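Structure, as structure tokens:
A quick note: this is a predicted structure, and the numbers were derived from the prediction, not measured.
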Amino acid sequence: MKVYAYIFTAWAVSYLIRVLPLTLIRKPIKNKFIKSFLYYVPYVTLSVMTFPSIIEATQKPLAGIIAFAVGTVLSYFGAGLFPVAITCCAVVGLVEFF
């Protein structure tokens with residue numbers, strides 16, 4: 001019987017998350033703060049899920065932190081995804097080797 005309660009609870013939460021915004025917000029959002037907040041939610045969510053993985057995926061957390069810093073600098077200066085990924089992998093390899 002508990003399984004059915006768990007399934008119902010999961011269904012209700014999922015349903016409410018999808019239906020409540022449709023029923024409560026019918027007019028276009030004009031508030032700049034709320035619009036910018038909603039605009040950045042996907043990026044923040046992705047960052048929150050990705051950043052800990054960068055550090056914990058390596059044997060030494062310092063290697064992940066250094067690779068993240070190097071990747072951030074390369075990205076800032078316009079390097080593409082592939083060069084950044086290759087460089088970060090090389091940095092992790094070097095840091096973990098020494």
Side-chain angles (χ1 to χ4, degrees):
M1 190 64 181
K2 283 185 178 180
V3 173
Y4 293 117
Y6 296 149
I7 292 172
F8 176 77
T9 304
W11 171 81
V13 169
S14 298
Y15 184 76
L16 289 175
I17 288 172
R18 290 173 175 87
V19 170
L20 281 179
L22 293 173
T23 57
L24 297 178
I25 305 171
R26 294 182 183 225
K27 298 177 184 176
I29 298 171
K30 295 180 181 176
N31 187 330
K32 287 184 179 183
F33 177 76
I34 293 175
K35 284 176 80 171
S36 67
F37 175 80
L38 292 174
Y39 178 79
Y40 288 110
V41 165
Y43 300 109
V44 169
T45 305
L46 183 62
S47 299
V48 166
M49 291 187 305
T50 304
F51 184 72
S53 298
I54 292 171
I55 296 173
E56 295 173 3
T58 59
Q59 292 177 358
K60 298 177 184 176
L62 182 63
I65 293 169
I66 293 171
F68 175 74
V70 169
T72 302
V73 170
L74 287 174
S75 299
Y76 181 77
F77 287 113
L81 180 62
F82 188 71
V84 170
I86 294 297
T87 306
C88 290
C89 290
V91 167
V92 168
L94 288 172
V95 172
E96 288 187 352
F97 184 71
F98 293 110

What's the spacing between [X] [atom1] and [Y] [atom2] if we round to 0.5 Å?
X: Ile29; Y: Phe37; atom1: CD1; atom2: CZ; answer: 11.0 Å
X: Ser47; Y: Tyr40; atom1: OG; atom2: OH; answer: 12.0 Å
X: Ile86; Y: Leu74; atom1: CD1; atom2: CG; answer: 12.0 Å
X: Thr58; Y: Phe68; atom1: OG1; atom2: CZ; answer: 13.0 Å
X: Ile65; Y: Ile55; atom1: CD1; atom2: CD1; answer: 4.5 Å

Compare every heavy atom of [Y] with every heavy atom of [X], then report the nearest pair and how far apart it is.
X: Val92; Y: Ala63; result: CG2-O, 3.9 Å
X: Gly71; Y: Cys88; result: CA-SG, 3.6 Å
X: Pro21; Y: Leu16; result: CD-O, 4.0 Å

Mind checking who shares a hydrophobic cluster with Ile7, ILVMFWY linked at side-chain heavy-atom distances under 4.5 Å?
Val3
When you group the ILVMFWY residues by side-chain heavy-atom contacts below 4.5 Å and let the links chain together, are Phe8 and Tyr15 in the same group?
yes
Would a single hydrophobic cluster contain both Val84 and Ile54, if residues Ile, Leu, Val, Met, Phe, Trp and Tyr are joined by side-chain heavy-atom contacts under 4.5 Å?
no
More than 12 heavy atoms from other groups under 6.0 Å of NZ on Lys60:
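Yes, the 6.0 Å shell around NZ holds more than 12 heavy atoms from other groups.
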Is it true that atom CG of Leu20 has more than 12 heavy atoms of other residues, nucleotides or ligands lying nearer than 6.0 Å?
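Buried by this count: over 12 neighbours within 6.0 Å.
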I'd like to know if the side chain of Glu96 and the backbone of Gln59 have a donor-acceptor N/O pair within less than 3.5 Å.
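Yes, because the side chain of Glu96 sits within donor-acceptor range (under 3.5 Å) of the backbone of Gln59.
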Tell me whether the rings of Tyr43 and Tyr39 are parallel (<30°), tilted (30 to 60°) or perpendicular (>60°).
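It falls in the tilted class, 30° to 60°.
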Evaluate Thr72 against Tyr76 for side-chain contact (heavy atoms from CB on, under 4.5 Å), listing each step before the verdict.
CA-CA 6 Å; Thr72 302; Tyr76 181 77; 5.6 Å; no
